[in-house]
Amino acid sequence: MTTEFKPLDLNALPASVEQPTYDRTQLKARVAHIGFGAFARAHIAMHLHETLAAGGGDWGMRVIELFGTPDLFNHLDANQRLYTLVETSDEGKSTRLLGAVCDTQHVARDGIEKLINGLAEEDLKVISMTITEKGYCVRNEHLDTDNPMIQHDLENLSAPKTAIGLIVAGLRKRRELGNGPITVMSCDNLPHNGYLTSIAVQEFASTFDPDLAAWVKENVTFPSTMVDRIVPALTDESRAIVRDELGGQADPNCIVCEPFRQWVIEDNFTAGRPQWELAGAQLVEDVAPFEEMKLRTLNGSHSFLAYLGFLAGKETIAECAADPVFYAEARKLMVDEQRPTLDVPGDVDLIGYADMLLKRYSNSQLKHRTWQIAADGTQKMPQRWLNSVRYHLEHGTDHRHLILGIGGWMNYIKGKRGDETYEVVDPMKDKLAEIVETYADDREAYVNALLALDAVFPADLVANEKFTKAVHAAYAEVADKGAAQAVADLAN
């Protein structure tokens, strides 16, 4: 049973709720964002909102979805494309309506042709996206042409199903109309995300039409970005917080997140861009040091806490941070094992960065679920852990926390915590389930089968006996002692 939706009554909102002060009637769809999930609402669109608040202008955002139902977009349209952002911490809350969105397009409601034509419009200057790691359909730094959806799009570019196919279809139309250059910008947690986006788009275009690929090379730029903000999935509790902040009104598109945010952007925009620096974004020549710092330190410790914390019965990251043992060992992971692998700008204090992250993790108002962070581990482990493991193997240095994290993941994907079963969300979940079922009673074969997943574990690591022996031991330690005791034993 669904509750009838009522649009927001802006005149009945509490005075504490900030509303846009810029002229929203002037906004044009100059940025098109694919994948308008929680993070996009709390980060990308929020930065554009603050840019408009600080400097005015007409840089509006069109938001696009290829999957799901159009219900949320229908609600967004009914709310004059305004939605609620609540920043919450143990120090208090701040609530505002964000207004940078000026158009919505959903394939199920509007049809794929409208989405393609929209990407070809002359006013549009930036295509951005948050489509998760698996949305790029890249494997081993090449377009995954074995992916059934990519195969479909290559044969049916007028009706693409993937974001990459949609972008190439839009670029083809743009070229036909002579509507000039454009920038395609990834905002996902991927190392070198601009480079990987360019691979996906350019290899798709080259396979489809070499002349189109040549046009893309001359007219499209692919800046990399580093994004950082903790945005938990919405829960009944967080929706109740929003209703309370809005004086009893509900907003289906609402977001509850932490106050902290960071956005580092490679300044490589061929057709212009909003002045995001007015909203605190850092425009730099090279994003790589920042993204590696964040991926290994924040995301790496998040995954460590997600798998081992979840198995230890901790439902949120805040619960993990409230445990002195998990807190201390997460800090050691960041400071002792990840920090030496990083090459960051000289003014970056990595120890201070780690302590700041732990303070963010301790925000008891954020219900960032360990189970949510544990999703898609096969996509996340290589950049969060395995590159660091390789560094330590080459230098003969300690990396017990990283190895225990891998052992935690291998236990987690079995989908059972005591007598409780849970869903394992992963793009390789069918293969993982097959391994679990086949080798459930043979530990050595089970771990070896997982290490044989070449899409996850590079051959050079698997060939290293020290690595494989340590992983077998870590898996057994978590299985025999339990995650809590295995983490506690790291202190010894």
With a 3.5 Å distance limit and no angle check, can you tell me whether [X] reaches the backbone of [Y] through a side-chain donor-acceptor pair?
X    : Y    : answer
N179 : A120 : yes
R417 : F310 : yes
R24  : Q80  : yes
K125 : P274 : no
D188 : N193 : no
Y83  : L98  : no
K416 : I413 : no
S303 : G300 : no
R229 : F260 : yes
D251 : T84  : yes

Checklist line | Residue among V201, L190, L196, D144 satisfying side-chain contact (heavy atoms from CB on, under 4.5 Å) with Y136 | finding: L190
Item checked: Closest non-hydrogen atom pair between E292 and P191, with its separation -> OE2-CB, 3.6 Å
Notebook entry, point to check: Closest approach of M185 and W263, non-hydrogen atoms and distance?
Noted result: CE-CZ2, 3.9 Å
Next item on the list: Test side-chain contact (heavy atoms from CB on, under 4.5 Å) on C257 and L85 and set out the steps.
Entry: CA-CA 8 Å; C257 64; L85 177 76; 3.6 Å; yes
Checklist line | Stepwise side-chain contact (heavy atoms from CB on, under 4.5 Å) check, H401 with D336 | finding: CA-CA 9 Å; H401 295 72; D336 296 342; 5.9 Å; no
Less than 4.0 Å between a side-chain N and a carboxylate O, is that true for [Y] and [X]?
X    : Y    : value
K294 : E291 : no
E121 : K28  : no
R96  : E50  : yes
K93  : E245 : no
E65  : R109 : no

Got more than 12 heavy atoms from elsewhere within 6.0 Å of [atom1], [X]?
X    : atom1 : answer
D343 : CG    : no
E113 : CD    : no
E420 : CD    : yes
K332 : NZ    : yes
K134 : NZ    : yes

Margin query: Run L115 and L66 through side-chain contact (heavy atoms from CB on, under 4.5 Å) and show every step you take.
Written below: CA-CA 9 Å; L115 273 63; L66 284 168; 4.0 Å; yes
Donor + acceptor pair across side chains of [X], [Y] (<3.5 Å):
X    : Y    : answer
R174 : N219 : no
T130 : H33  : yes
Y22  : H49  : yes
N363 : S89  : no

Hey, what do you get for [atom1] ([X]) to [atom2] ([Y]), rounding to the nearest 0.5 Å?
X    : Y    : atom1 : atom2 : value
N253 : H75  : CG    : NE2   : 7.5 Å
E315 : Q372 : CD    : CD    : 13.0 Å
T225 : N268 : OG1   : CG    : 12.5 Å
R296 : S301 : CZ    : OG    : 13.5 Å
L308 : E329 : CG    : CD    : 10.5 Å
L97  : R81  : CG    : CZ    : 15.0 Å

Would you indicate whether the side-chain heavy atoms of [Y] and [X] approach each other to under 4.5 Å?
X    : Y    : answer
I317 : I230 : no
Q379 : P427 : yes
V425 : W371 : yes
V138 : T197 : no

Item checked: Test side-chain contact (heavy atoms from CB on, under 4.5 Å) applied to T51 and W59, step by step -> CA-CA 9 Å; T51 298; W59 281 86; over 6 Å; no
Notebook entry, point to check: Given the side-chain rings of Y361 and F326, with only the six-membered ring counted for Trp, is the space between their centroids under 6.0 Å?
Noted result: no
Checklist line | Qualifying side-chain hydrogen bond (donor to acceptor under 3.5 Å, both in side chains) pairs with a residue from residues 271-282, counting only residues at least two apart or across chains | finding: Q262-Q282, D267-R273, R273-E277
Margin query: For H368, give me all partners under ring pair (Phe, Tyr, Trp, His ring centres under 6.0 Å), at least two apart in sequence or on another chain.
Written below: H302
